[in-house]
Amino acid sequence: MEEKELAERCRLGENAARKELYELFAGRMLGICLRYTGNRETARDLMHDGFLKIFNSFDKFSYRGQGSLRAWMERIMINTVLQYLRKNDVMNQVSALENIPEVYEEPESSSIDTIPQKVLMQFISELPAGYRTVFNLYIFEEMSHKEIARLLGINEKSSASQLARAKASLATKVREWIKTNK
């Protein structure tokens with residue numbers, strides 16, 4: 001079924017269309033939730049919450065061409081996860097990572113290309129929640145520090161600092177992985 005028709009049928013409350021939408025996008029939406037939470041159970045719960053919001057918000061969706069449905073759903077899913085993180089005060093939880101420098105040496109991109117995507121995503125999921133959230137918003141959602149700060153209710157410098165520490169932590173893990181897997 002075409003995206004526009006699927007969206008319209010979901011808007012009308014057709015359960016078959018909702019099931020098809022869920023089956024088409026559940027994997028991608030779970031991946032988004034997992035990327036932000038780092039915990040499969042929490043990610044599943046948030047994905048289901050996100051789908052409920054999606055199903056109840058189709059009256060607000062306007063089709064803008066191929067891919068607009070997925071983009072709209074991703075935005076709802078990300079907002080659902082961010083709402084959960086804010087509610088649980090994740091951005092203010094301090095993690096003891098004394099060995100992570102403010103400045104880091106980036107691994108060679110040719111080396112990074114040899115690391116399986118699954119491994120890189122595991123490294124991201126292991127970051128402390130605040131670092132992981134800022135990293136995901138900056139890298140995957142392509143938000144500025146100003147946007148991230150506004151969205152998360154933190155200072156722009158805090159966003160930049162958390163991103164730098166996330167990158168430093170990831171760079172360390174990448175270098176260690178490369179050493180042991182050459």
Salt bridge check: are [X] and [Y] linked by an N-O gap of less than 4.0 Å?
X      : Y      : answer
Arg70  : Glu74  : yes
Glu23  : Lys19  : yes
Glu147 : Arg150 : no
Arg35  : Glu141 : yes

Practice prompt. Report the relative orientation of the aromatic rings in Tyr22 and His48; use parallel for angles under 30°, tilted for 30 to 60°, perpendicular for over 60°.
Written response: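 Answer is parallel, since the angle falls under 30°.
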
| task | Indicate the ring-plane relationship of Phe58 and Phe61, choosing parallel, tilted or perpendicular according to the 30° and 60° boundaries. | result |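 Perpendicular, since the angle between the ring planes exceeds 60°.
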
Provide the closest heavy-atom pair for [X] versus [Y] in the form atom of the first, atom of the second, distance.
X      : Y      : result
Trp177 : Thr114 : CH2-O, 3.9 Å
Leu137 : Tyr36  : CD2-OH, 3.4 Å
Ala16  : Arg9   : CB-NH2, 4.2 Å
Gly50  : Thr80  : CA-OG1, 3.8 Å
Ser62  : Ser68  : O-OG, 4.5 Å
Met73  : Leu21  : SD-CD1, 3.8 Å

* To do: Using atom types as modelled and distance alone, determine if a side-chain donor or acceptor of Ser57 lies under 3.5 Å from a backbone N or O of Ile54.
  =>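 No, because the side chain of Ser57 does not come within donor-acceptor range (under 3.5 Å) of the backbone of Ile54.
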
**Request:** Indicate if Leu52 and Met47 have the same hydrophobic cluster label, given that clusters are the connected sets of ILVMFWY residues with side-chain heavy-atom separations under 4.5 angstrom.
**Result:**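 Unlinked, Leu52 and Met47 end up in two clusters.
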
Point-to-point distance, once rounded to the nearest 0.5 Å, from [atom1] of [X] to [atom2] of [Y]:
X      : Y      : atom1 : atom2 : answer
Ile148 : Met143 : CD1   : CE    : 7.0 Å
Leu69  : Leu6   : CG    : CG    : 6.5 Å
Asn56  : Cys10  : CG    : SG    : 11.5 Å
Arg175 : Thr180 : CZ    : OG1   : 13.0 Å

Is [Y] close to [X] at the side-chain level, that is, under 4.5 Å between some pair of heavy atoms?
X      : Y      : result
Leu170 : Lys167 : no
Met77  : Leu46  : no
Leu152 : Val134 : yes
Arg18  : Glu14  : no
Leu24  : Glu20  : yes

**Request:** For side chain to side chain donor-acceptor pair (under 3.5 Å), just list the numbers for Gln162 and Lys157, CA-CA rounded to whole Å, side-chain angles, deciding distance to a tenth of an Å, and then say yes or no.
**Result:** CA-CA 8 Å; Gln162 291 201 32; Lys157 289 182 181 185; over 6 Å; no

Below 3.5 Å, can you tabulate the donor-acceptor pairs from side chains in residues 116-128 to any protein atom, sequence neighbours excluded?
unit_1 : atom_1 : unit_2 : atom_2 : d
Gln122 : NE2    : Glu126 : OE2    : 2.9
Ser125 : OG     : Gln122 : O      : 2.8
Glu126 : OE1    : Lys173 : NZ     : 2.8

Inspect the surroundings of OH in Tyr138 and state if more than 12 heavy atoms from other residues, nucleotides or ligands are less than 6.0 Å away.
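It does not: Tyr138 OH has 12 such atoms or fewer within range.
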
For this session: Answer with yes or no whether the side chains of Thr42 and Asn39 bring together a donor and an acceptor at under 3.5 Å.
Result: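 Yes - a donor-acceptor pair under 3.5 Å links their side chains.
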
Q) What residues form a side chain to side chain contact (heavy atoms under 4.5 Å, CB included) with Ala149, not counting sequence neighbours? A)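 Checked Ala149 against side chain to side chain contact (heavy atoms under 4.5 Å, CB included); matches are Ile154, Glu156.
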
- Could you pull out all residues at least two apart from Ala43 that satisfy side chain to side chain contact (heavy atoms under 4.5 Å, CB included)?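 Leu30, Cys33, Leu34, Thr37.
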
